[in-house]
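Bear in mind that the values here come from a model prediction, so they are computed numbers and not experimental data. All residue numbers refer to positions in the sequence shown, counting from 1.
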Amino acid sequence: MRLTVLGCSGTFPGASSPCSGYLVEHDGYRLVVDLGNGALGPLQQHVDLDQVDAVYVSHVHGDHCLDLVPWSYARRYHPAGLRAPVPVYGPVGLRARIASAYEVPPTDGLLEVFDFREVPPGERVLGPFTVTTALMRHPVESHGVRLAAGGRTLVYSSDTATCDALTDLARGCDLLLCEASWPSVPTPPDGVHLTGTEAGEHATSAGAQRLLLIHVLPFHDPQTLLAEARASFAGPVDVAGCGLSYDV
């Protein structure tokens, strides 16, 4: 299983990274997990847009889903014409959220280019991946995502505050891709995001093998978040880099 970071900036694009977007590949199958502001461009550096097999959107905040809008135009007006719709999985309300970005939703063939499949948390199979999702702690319905293939496991926290569901979802995983939006000082807003310390604590409680920090807000220092996580997690930990690929 191979992970490529298309963007990992939290809440809004930073100077060096778009918002959340991740390409996960195994046995020729290409799954995109989230596609926030700006992530569509980097995606094209790694695959042709017509080579994406499916998308899983963790939640409907714009920094995780809004680049589906320009992608719909790329598919709608491709010189070769319309292809089969791309399956787009996510929580209830995802289709309406994306449709609301158009002048008179839904316009310009949105439902001809994407096959929205709104699903509850649970388990399903997408290509070679067993996909297990769980409800995280966030102001909107947010799905943490566990991907298993080829004997390896990758867990994506989505956006979440501290919760046992993340620990359970990440139990024994090979790589935990975990948000660390805020430093511990000053005290961040409650019930929205994790600090670097809390990301490390979840990785430790879950017995994760490796931790990769994501969703750092552009006005916070990634090294501060990294230092916090290293103090609360004894395993390998780093800050994710936009454009970098990782073997899980």
- Find out if a path of hydrophobic residues (ILVMFWY) with successive side-chain heavy-atom gaps under 4.5 Å connects Phe233 to Val239. yes
- Note on the structure: Applying side chain to side chain donor-acceptor pair (under 3.5 Å) to Glu112 and not counting sequence neighbours gives Arg76
- Item | Listed partners of His143 passing side chain to side chain donor-acceptor pair (under 3.5 Å), at least two apart | Tyr56, Glu141
- Message: As an exercise, state the distance from CG of Leu111 to CD1 of Ile98, rounded to the nearest 0.5 Å.
- Response: 11.5 Å
- Ser17 (side chain) donor-acceptor with Pro13 (main chain) under 3.5 angstrom: no
- Note on the structure: For Leu217, the hydrophobic cluster (side chain heavy atoms closer than 4.5 Å, chained through members) also holds Phe12, Trp182, Phe219
- Query: For Leu213 and Ala199, which heavy atoms make the closest approach, and how far apart are they?
  - Reply: CD2-CB, 3.9 Å
- Partner set under salt bridge (Lys or Arg N to Asp or Glu O under 4.0 Å) for Asp221, not counting sequence neighbours: none
Mind listing the side-chain donor-acceptor pairs of residues 38-47 below 3.5 Å, one per line with the distance, residues two or more places apart or on another chain?
unit_1, atom_1, unit_2, atom_2, d
Gln44, NE2, Leu40, O, 3.2

- Message: Is there a continuous path of hydrophobic side-chain contacts, each under 4.5 Å between heavy atoms, that joins Leu244 to Val237?
- Response: no
- Take Val69 and Tyr102 through the test side-chain contact (heavy atoms from CB on, under 4.5 Å) and record every step on the way to the result. CA-CA 8 Å; Val69 174; Tyr102 297 85; 3.9 Å; yes
- Note on the structure: In Ser9, Ser157, Ser20, Ser181, the residue satisfying side-chain hydrogen bond (donor to acceptor under 3.5 Å, both in side chains) with His215 is Ser181
- Begin from the C-alpha positions of Asp159 and Met136 and carry the test side-chain contact (heavy atoms from CB on, under 4.5 Å) through to its verdict. CA-CA 7 Å; Asp159 282 6; Met136 299 291 102; over 6 Å; no
- Query: Can you tell me how far the OG1 atom of Thr153 sits from the CG atom of Leu175, to the nearest 0.5 Å?
  - Reply: 8.5 Å
- Task: Could you pull out all residues at least two apart from Glu25 that satisfy salt bridge (Lys or Arg N to Asp or Glu O under 4.0 Å)?
- Result: Arg30
- Parallel, tilted or perpendicular: which describes the rings of Phe114 and Phe116, with under 30° parallel and over 60° perpendicular? perpendicular
- Item | Atom pair CG/SG of Leu35 and Cys65 - distance to nearest 0.5 Å | 9.0 Å
- Kindly say whether Val60 contributes a backbone atom to a donor-acceptor pair with the side chain of Arg97 at under 3.5 angstrom? yes
- Hey, mind stepping through Tyr246 and Thr4 against side-chain hydrogen bond (donor to acceptor under 3.5 Å, both in side chains) and telling me if it holds? CA-CA 6 Å; Tyr246 304 85; Thr4 300; over 6 Å; no
- Message: To check you understand the geometry: which heavy-atom pair defines the closest contact between Pro183 and Pro188, and what is its length?
- Response: O-CD, 3.9 Å
- Partner residues of Arg137 under the salt bridge (Lys or Arg N to Asp or Glu O under 4.0 Å) criterion, sequence neighbours left out: Asp190
- Item | Minimum-distance pair of heavy atoms, taken over all atoms of Ala134 and Leu169 | CB-CD1, 4.1 Å
- In this structure, CG of Leu177 is separated from CG of Leu154 (nearest 0.5 Å) by 6.0 Å
- Query: So, the side chain of His220 versus the backbone of Val216: is there a donor-acceptor pair under 3.5 Å, distance only?
  - Reply: no
- Message: Using 30° and 60° as the class boundaries, would you call the ring planes of His64 and His59 parallel, tilted or perpendicular?
- Response: tilted
Could you tabulate the donor-acceptor pairs under 3.5 Å formed by side-chain atoms of residues 78-96, not counting sequence neighbours?
unit_1, atom_1, unit_2, atom_2, d
His78, ND1, Ala80, N, 3.0
His78, ND1, Arg83, NH1, 2.9
Arg83, NH1, Asp50, OD2, 3.1
Arg83, NH2, Asp50, OD2, 3.2
Tyr89, OH, Arg117, NH1, 2.8

- Item | Hydrophobic cluster of Val140, others only, ordered by chain and residue number, side-chain cut-off 4.5 Å | none
- Partners passing salt bridge (Lys or Arg N to Asp or Glu O under 4.0 Å) against Asp27 (at least two apart in sequence or in another chain): none
- Looking only at non-hydrogen atoms, find the nearest pair between Leu176 and Ala208 and report the distance. CB-CB, 4.2 Å
- Pro18 vs Cys242 side-chain heavy atoms within contact, under 4.5 Å: yes
- Leu225 vs Thr197 side-chain heavy atoms within contact, under 4.5 Å: no
- Note on the structure: Of all heavy-atom pairs linking Ala170 and Val155, the shortest is CA-CG2, 3.8 Å
- So how far is it from Leu166 CG to Leu194 CG, rounded to the nearest 0.5 Å? 6.5 Å
- With no hydrogens and no angle check, do the side chains of His138 and His193 hold a donor and an acceptor under 3.5 Å apart? no
- In one Ile/Leu/Val/Met/Phe/Trp/Tyr side-chain cluster, 4.5 Å: Leu66, Val33: no
- Short question: side chain of Thr167, backbone of Ala206 - any donor-acceptor pair under 3.5 Å? no
- Message: Between Val52 and Phe129, is there shared hydrophobic-cluster membership here, with clusters defined by ILVMFWY side-chain heavy atoms closer than 4.5 Å?
- Response: no
- Query: Would you call Thr204 and Leu211 a side-chain contact if the rule is heavy atoms closer than 4.5 Å?
  - Reply: no
- Query: Checking Asp34 side chain against Ser58 main chain: does a donor-acceptor pair fall under 3.5 Å?
  - Reply: yes
- Closest non-hydrogen atoms of Glu228 and Gly196, given as atom of the first, atom of the second and distance, are OE1-N, 3.2 Å
- Query: Pick from Leu31, Leu6, Ile214, Val145: which one makes a side chain to side chain contact (heavy atoms under 4.5 Å, CB included) with Tyr22?
  - Reply: Ile214
- Query: What residues, two or more places apart in sequence or in another chain, satisfy side chain to side chain donor-acceptor pair (under 3.5 Å) together with Ser142?
  - Reply: Ser158
- Could you state the interatomic distance from CD (Gln51) to CG (Leu23), rounded to the nearest 0.5 Å? 10.0 Å
- Message: Under the criterion side-chain contact (heavy atoms from CB on, under 4.5 Å), I'd like the reasoning laid out for Val125 against Val131: C-alpha separation, chi angles, the key distance, then a yes or no.
- Response: CA-CA 6 Å; Val125 175; Val131 183; over 6 Å; no
- Say whether, by atom type as modelled, one donor and one acceptor occur between the side chain of Glu123 and the main chain of Thr133 under 3.5 angstrom. no
- Message: Show me the pairs that pass salt bridge (charged side-chain N to carboxylate O under 4.0 Å, His left out) and involve residues 162-188, at least two apart or across chains.
- Response: Arg152-Asp174, Asp168-Arg171
- If two hydrophobic side chains count as joined below 4.5 Å and joins carry through other members, does Met1 share a cluster with Tyr156? yes
